[in-house]
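For reference, the structure discussed in these notes is given below.
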Amino acid sequence: MRTILKLGKQEHRFIDRISELSGENVYSCYQCGRCSAGCPMAFEMDILPNQLIRLVQLGEEEALIASKTLFICASCFTCQSRCPKGINIANVAEAIRYLAEPKGKDHFGPDEVPAELADELP
Amino acid sequence: MKLHYYPGCTLKEKTTNLDESTYAAMKMLGYELVEPENWTCCGAEFPLNEEKIVGLAAPARILRQVEMEGGDKVVTACAFCFNVLKQTHIALLNDPLKQKRINAYLKDDIRIDPVTKERTTDFPEYRGDVQVLHLLEFIQKEIGYEKVRSLIRRDLGNLRAAPYYGCRLLRPKGETGIDEPDDPSIFEEFLESIGIGVVDFPFKQECCGSYLSVSLPDAASEVSYRILRSAKLNGADMVVLSCPLCYYNLDRRQDRIREKFLEFTGMPVLFFTQILAWALGVEAEILGLDQHFFDPRPVLGITDKAEVAS
Amino acid sequence: MNGNGKKKRIGVFVCHCGVNIAGVVDVERVAKALEGYSGVSFSTHYIYMCSEPGQNMILETIREEKLDSIIVAACSPTLHEKTFQSVIELAGLNPYQVEIANIREQDSWVHSDKEKATLKAIKIVKSMVEKVLQNESLEPIRVGVTRRALVIGAGISGIQSALDIADHGYEVLLVEKNPSIGGHMIQLSETFPTLDCSQCIMTPKMVEASRHPNIRILTYHEVESISGYVGNFKVKIRKKPRFVDPDKCTMCADCEDVCPQIVSDEFNMGLSFRKAIYLPFPQAVPGTYTLDIENCLGLLPIRCGKCKEVCEPDAINYDDQETVFEEEVGAVVVSTGYDLYDLNHLGEFGGEKYEDVINGLEFERILSASGPTGGEVRRPSDGKVPKNVVFIQCCGSRDPENHNPYCSKICCMYTSKHAMLYKHHVPDGNATVFYIDVRTGGKNFEEFYQRTIDEDQVLYVRGKVSKVYKEGDKIIVWGVDTLTGRKIEMEADLVVLAMSMVQTDGVNELLKKLRISSDANGWLSEAHPKLRPVESLNAGFYLAGCAHGPKDIPETVSQASAAVAKVGDLFAQEQLLHEPTVVPVDEDLCSGCGICVTICPYSARELDKEKGVVKVNEVLCEGCGACAAACPSGAAQQRNQTDDQIFSMVRAILRG
Amino acid sequence: MFEPQIMCFLCKWCTYAGADLAGTSRMKYDPSGINLRVMCSSRIDLQHILYAFRQGADGVFIGGCHPGDCHYVEGNYKTLRRSILFAKMLEDLGISRKRFRLEWISAAEGRKFVQAMNDFTAQIAELGPLNLDKMTLNNQKDFSHE
Ligand SMILES: Cc1cc2nc3c(=O)[nH]c(=O)nc-3n(C[C@H](O)[C@H](O)[C@H](O)COP(=O)(O)OP(=O)(O)OC[C@H]3O[C@@H](n4cnc5c(N)ncnc54)[C@H](O)[C@@H]3O)c2cc1C
Ligand SMILES: Cc1cc2nc3c(=O)[nH]c(=O)nc-3n(C[C@H](O)[C@H](O)[C@H](O)COP(=O)(O)OP(=O)(O)OC[C@H]3O[C@@H](n4cnc5c(N)ncnc54)[C@H](O)[C@@H]3O)c2cc1C
Ligand code: SF4
Ligand code: SF4
Ligand code: SF4
Ligand code: SF4
Ligand code: SF4
Ligand code: SF4
Ligand code: SF4
Ligand code: SF4
């Protein structure tokens with residue numbers, strides 16, 4: 001894997017857009033990893049929550065949109081409640097999903113819910 | 001005493017046991033629950049995104065309705081609805097601009113009476129004065145544990161319950177939670193007041209798997225299993241909770257958990273209002289105990305219909 | 001007019017500074033323009049005023065022309081004000097009768113238009129003439145110095161400070177709230193970066209302090225209040241009743257043997273027990289038992305009274321009373337140290353629920369040869385030797401959202417030490433450290449840390465732990481390895497938390513009374529973060545050790561010695577001289593409104609309730625003039641910068 | 001051309017030293033301002049400012065230490081609070097608040113001092129003369145001392 005790091009206008013626009021949509025200051029993450037350490041769904045994720053934030057910091061829009069993690073995050077806010085910088089990753093994930101939607105990357109649509117579950121699911 | 005109560009759709013359609021036990025328990029505590037007229041779904045998920053702010057309109061409409069009916073507070077028994085309403089309340093309270101935008105939607109409401117076909121327009125704005133309380137908070141702050149204790153009719157002293165908070169009662173951290181996200185005690189205090197033994201277990205604030213039971217059922221089962229296992233390891237006879245989604249994952253999906261984790265033998269999962277109503281002497285039939293995947297009646301000592309009232 | 005109503009005779013001396021001034025400002029014209037200006041009886045110019053001939057010229061002119069005050073129009077006062085003050089002192093004038101008109105830095109050097117610069121110079125000089133016209137001759141305020149110091153807190157910082165002051169030949173009162181001196185250092189096992197045994201290097205210092213003729217150790221004492229000002233403080237000290245006479249107690253332990261009251265032992269961080277009458281630790285100084293009245297069953301014989309019965313030397317005195325006494329000191333060193341952040345703040349780690357999740361100081365006691373496990377690493381719950389120990393760094397530190405925003409500075413190092421010492425004790429055990437960064441910014445620190453990985457094979461995992469809980473007999477730790485991007489779950493037998501350092505309980509309340517400020521995190525503030533790091537802004541107070549912020553022992557000791565050097569500066573002075581350009585009060589004008597009292601940052605002003613006017617402590621006044629600006633009745637006038645002086649200067653500047 | 005007169009009150013520890021630094025660095029700036037050294041910016045009171053305007057100043061400038069750097073702990077905060085009031089009162093008296101400026105300039109900020117001087121002078125030049133002295137000359141307090 002190789003990233004050619006380039007923080008140009010486009011990348012900054014992306015980072016700022018994510019910050020604006022999510023209301024979180026993604027610049028402030030210092031990569032302690034606490035979010036990932038406590039995330040109940042981390043074991044299913046292809047990139048960990050801290051890596052998700054990291055990729056935002058690197059302006060890696062495409063890698064983010066391609067990641068499964070976006071749709072595995074259960075919005076449980078465990079990360080938010082323990083993050084030393086108060087970052088709410090669920091909000092950030094939601095912001096990325098929002099940007100991904102027009103690109104047709106919704107992971108699991110309502111019509112895919114099995115009928116027998118649909119009845120019971122709250 | 002009358003009290004505004006927002007049940008939410010799930011409680012009317014799927015987890016009627018939570019709704020009915022809430023009514024029964026509150027009646028025993030001397031409250032008549034009043035549902036806001038024409039209430040709608042709260043949206044089930046607080047919009048996490050500035051672009052989806054329209055999502056605030058539905059919960060705000062509910063709060064506005066309570067306000068229109070002269071209420072200054074609304075209680076919920078569902079942790080999910082509580083979370084959405086409370087977050088909405090705080091978002092509007094702290095952000096006048098948001099409040100203005102949402103009120104612009106609310107003012108344009110039109111309601112057509114299903115019977116008379118009469119149109120109502122010209123709705124007022126939401127002023128932001130409705131306090132949103134989870135029933136656990138209402139019991140703690142307004143009813144008081146002493147009063148609950150004095151009304152207990154059944155002795156549950158030989159049972160041990162593990163209070164399961166899940167996500168929505170505690171997080172996001174800050175004003176929305178009903179207690180410290182990693183050191184909560186309100187559920188424990190509640191259980192103590194109804195005279196049941198309390199089990200402290202380290203998974204009480206862990207996530208149940210949420211909607212991933214749809215998209216990633218295996219992962220969700222694993223997460224749910226860890227919670228139930230931890231409760232069991234710490235000596236619980238049952239898990240008590242307040243969220244229909246947690247109930248779905250922890251009780252209704254025990255079939256899948258058992259398939260995946262053969263050593264798991266099952267665990268009764270009850271809504272806090274069910275155990276409260278039971279302790280207050282409500283008859284078992286009303287509590288919807290037969291709807292559970294893992295039948296909680298044996299552990300409560302209910303054999304057939306022979307109830308032990310004390 | 002001067003203060004006596006006599007007309008002044010002012011001399012004006014305009015300097016060329018070679019071409020530095022004269023190249024832009026027409027100095028001749030300036031000198032001319034001042035001739036005959038109000039009060040000016042002589043005006044001249046010269047090429048280098050600060051040169052020897054220049055100074056002599058001024059001196060002679062003062063004598064010949066019978067001048068009583070002068071203006072030197074030259075460079076900035078910061079440069080030569082002192083020079084010219086000495087010149088006029090030589091002529092027998094008061095140094096407050098010279099004023100410098102800054103026509104170089106603030107005129108000739110910054111402007112190129114000669115005409116404008118010259119006109120500006122004239123105005124500047126005139127404004128200084130207006131000032132000097134009304135200048136009073138002043139003498140510095142002189143106060144004596146009590147050459148005796150108070151040191152609050154007797155950890156290593158306090159002990160070092162006391163010893164250094166005592167070695168300078170001054171008396172010291174060393175006040176410690178606990179029954180023994182020693183602080184936290186005496187609790188430590190071995191110390192990084194050299195692994196000396198803490199007790200071995202600390203005990204001799206404690207003994208030395210106790211024997212030093214200049215040191216009076218007051219353990220089980222607390223400072224109640226301090227009043228006065230630099231060089232002259234009055235301290236109220238409260239003696240807590242110890243119920244044992246240190247001079248009589250032989251440390252025979254008979255009392256301890258019979259005492260029925262068993263309580264948790266603070267020195268061992270609650271990992272063992274002591275009696276209600278106890279010796280805090282074997283090397284305690286002073287070497288005496290203390291009866292802890294909070295835990296004693298009651299002194300009455302009907303309640304207990306067993307200890308007194310067995311005490312052969314009759315050292316126990318149940319009638320001991322709390323007393324408060326007053327002492328005079330000239331300087332105060334604050335060395336009250338630190339506490340560790342309470343484990344209960346970390347609910348996600350189980351708070352204080354799990355016996356085998358401990359803080360660093362508890363682990364120090366477990367490692368200590370004289371500790372509760374006799375130097376063997378055994379875990380608190382069941383005494384088993386832990387085979388998997390997890391160390392978690394930054395607990396409560398570097399967390400602006402939930403806990404303390406700062407880095408506690410020493411925990412990276414002591415965690416490294418802990419892991420290393422653990423491996424020395426249990427070579428077949430595993431030590432795993434969870435960290436965010438490893439900070440080793442001290443001499444030989446990085447080498448020490450690298451030894452921990454190279455030689456002792458401690459595994460460092462980069463990621464902050466999020467949850468610690470118990471499952472059966474095992475402790476489970478949820479961490480992450482951000483370097484490989486894996487979430488980590490592991491079992492441990494013992495978990496050691498590098499808890500954040502925090503300000504000692506109660507210190508801020510004490511210091512608020514002393515008007516010593518602290519920062520947002522509770523640490524005491526220094527006068528300047530780089531240039532005056534050991535002084536408080538409040539004159540006469542000095543800071544040493546962790547009370548000022550997290551520090552290791554080498555830094556603590558350096559700071560203690562540096563603080564004492566500053567105390568030495570103070571004590572070396574015959575008398576303290578204080579700038580007299582303070583703001584007194586005109587009692588006839590003062591309405592007693594008290595506005596100035598609330599404005600003054602140094603509490604120099606106080607309302608005299610009886611007279612209904614304000615009283616000024618001129619020694620405390622630093623002469624900022626804030627009160628003068630605030631006083632609605634003009635009763636507060638700054639010496640040599642009265643409102644009238646400012647008005648006349650403004651007038652000269654704008655109309656001159 | 002209109003040449004403004006500006007009265008500058010500078011704190012001894014910071015801005016006065018900053019002005020000195022501009023000098024030692026031989027920076028050039030507009031000569032319209034003349035400095036008066038005070039111990040602390042908090043020594044300055046509304047009456048000093050009004051007096052300056054009455055004596056013909058077209059602008060009044062106060063320079064103090066940056067917040068947190070005050071030699072007297074918090075003098076500059078007092079100045080800041082007061083100056084908000086000053087500006088309001090000046091407006092009430094019909095003097096544009098643009099004629100009054102408070103700046104934090106440290107001993108190291110010679111350049112900032114130069115900029116502030118040029119900037120403020122330009123601003124005052126734009127506003128034109130105040131002429132308050134002409135209007136109120138007769139009822140002005142007399143401070144002559146002959
Ligand atoms: C786990 C751990 C391990 C460490 N290991 C090392 C190491 O290996 N090497 C190293 O260099 N440093 C180490 N340190 C740091 C070291 O402990 C400190 O640098 C040092 O102890 C600071 O000394 P001090 O005198 O400032 O404070 P303290 O030791 O805290 O002493 C302060 C004293 O003041 C007293 N006091 C407090 N308030 C009052 C009051 N109001 N009135 C009277 N008395 C009062 C206290 O009782 C105490 O005796 C370690 C720290 C910890 C937590
Ligand atoms: C890039 C950089 C940035 C920094 N930024 C900061 C900062 O922002 N904040 C901060 O606090 N610190 C900073 N520092 C650190 C700071 O520079 C030092 O802490 C400080 O200057 C050390 O002062 P010193 O007097 O010990 O040494 P020096 O400044 O090195 O002074 C030593 C003097 O001794 C003279 N000398 C040497 N040998 C002899 C000899 N044989 N005989 C006579 N004279 C001799 C030298 O010529 C020199 O003048 C920075 C350092 C660097 C390298
Ligand atoms: S916990 Fe917060 S600061 Fe730490 S890595 Fe995650 S998002 Fe970043
Ligand atoms: S909100 Fe999402 S990323 Fe955060 S802990 Fe929960 S599942 Fe993990
Ligand atoms: S007094 Fe100042 S201005 Fe005059 S010569 Fe000396 S340095 Fe130059
Ligand atoms: S019995 Fe008396 S002498 Fe012996 S240790 Fe106790 S107090 Fe001291
Ligand atoms: S009187 Fe108190 S200290 Fe003495 S033996 Fe009894 S309990 Fe212990
Ligand atoms: S010293 Fe190390 S362990 Fe302590 S707070 Fe700083 S980085 Fe964390
Ligand atoms: S001049 Fe300053 S220090 Fe002196 S009394 Fe007035 S406010 Fe206090
Ligand atoms: S402000 Fe002036 S009048 Fe008021 S108490 Fe102080 S000196 Fe007296």
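Chain letters run A, B, ... following the sequence lines, proteins first and then strands; every chain starts at 1. Quick caveat: nothing in here was measured; it's all calculated off a predicted structure.
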Taking Lys120(C) for its side chain and Ser32(D) for its backbone only, find out whether a donor-acceptor pair lies under 3.5 Å.
->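 Between the backbone of Ser32(D) and the side chain of Lys120(C) there is no qualifying donor-acceptor contact (under 3.5 Å).
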
State the [atom1]-[atom2] distance between [X] and [Y], to the nearest 0.5 angstrom.
X	Y	atom1	atom2	value
Met7(D)	Ile653(C)	CE	CD1	3.5 Å
Arg54(D)	Leu654(C)	CZ	CG	12.0 Å
Cys8(D)	Gln106(C)	SG	CD	9.0 Å
Ser648(C)	Tyr51(D)	OG	OH	6.5 Å
Met39(D)	Glu622(C)	CE	CD	9.0 Å
Met649(C)	Ile34(D)	CE	CD1	11.0 Å

State, to 0.1 Å, how close Lys123(C) and Gln5(D) come at their nearest heavy-atom pair, and which atoms those are.
->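 Reported closest heavy-atom pair: NZ-OE1, 3.0 Å.
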
Considering all heavy atoms, the nearest Arg655(C)-Gly56(D) contact =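 Taking Arg655(C) first and Gly56(D) second, the nearest heavy atoms are NH2-N, 4.4 Å.
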
Out of Ala17(D), Cys11(D), Ser41(D), Ala52(D), which one racks up the most heavy-atom pairs below 4.5 Å with chain C?
->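 With the most close heavy-atom pairs to chain C, the winner is Ala52(D).
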
Heavy-atom distance under 4.5 Å to chain C: side chain of Val38(D), backbone, both or neither?
->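 Both backbone and side chain.
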
Which bit of Gln47(D) is near chain C, if near means a heavy-atom gap under 4.5 Å: side chain, backbone, both or neither?
->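 Backbone plus side chain of Gln47(D), per the 4.5 Å heavy-atom cut-off to chain C.
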
Leading residue by heavy atom contact count with chain D [cutoff under 4.5 Å; candidates [options]]:
options	answer
Ala527(C), Ala630(C), Ala629(C)	Ala629(C)
Gly625(C), Ala628(C), Cys624(C)	Cys624(C)
Val583(C), Ile599(C), Asp107(C), Thr78(C)	Ile599(C)

Beyond-backbone contact of Asp20(D) with Leu79(C), side-chain heavy atoms, under 4.5 angstrom | no

So which part of Ser112(C) gets closer than 4.5 Å to some heavy atom of chain D, the side chain, the backbone, both or neither?
-> both

Using a strict cut-off of less than 4.0 Å between a Lys/Arg side-chain nitrogen and an Asp/Glu carboxylate oxygen, indicate whether Arg37(D) and Glu81(C) qualify as a salt bridge.
->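 Answer for the salt bridge query: yes.
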
When you check the gap from the basic side-chain N to the acidic O, do Arg43(D) and Asp643(C) get nearer than 4.0 Å?
-> yes

Over 12 non-hydrogen atoms of neighbours within 6.0 angstrom of NZ in Lys98(D) =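 Result for NZ/Lys98(D): open.
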
Should we count NZ of Lys28(D) as having more than 12 external heavy atoms under 6.0 Å?
->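 Above 12, so yes.
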
Pairs where residues 16-49 of chain D contributes a residue and the test ring pair (Phe, Tyr, Trp, His ring centres under 6.0 Å) is met, not counting sequence neighbours | His111(C)-Tyr29(D), Phe647(C)-His48(D), Tyr29(D)-Phe113(D)

Working for side chain to side chain contact (heavy atoms under 4.5 Å, CB included), residues Gln641(C) and Leu36(D) = CA-CA 11 Å; Gln641(C) 195 156 63; Leu36(D) 192 160; 4.3 Å; yes

Using non-hydrogen atoms and a limit below 4.5 Å, what part of residues 77-92 of chain D faces chain C?
-> Lys78(D), Arg82(D)

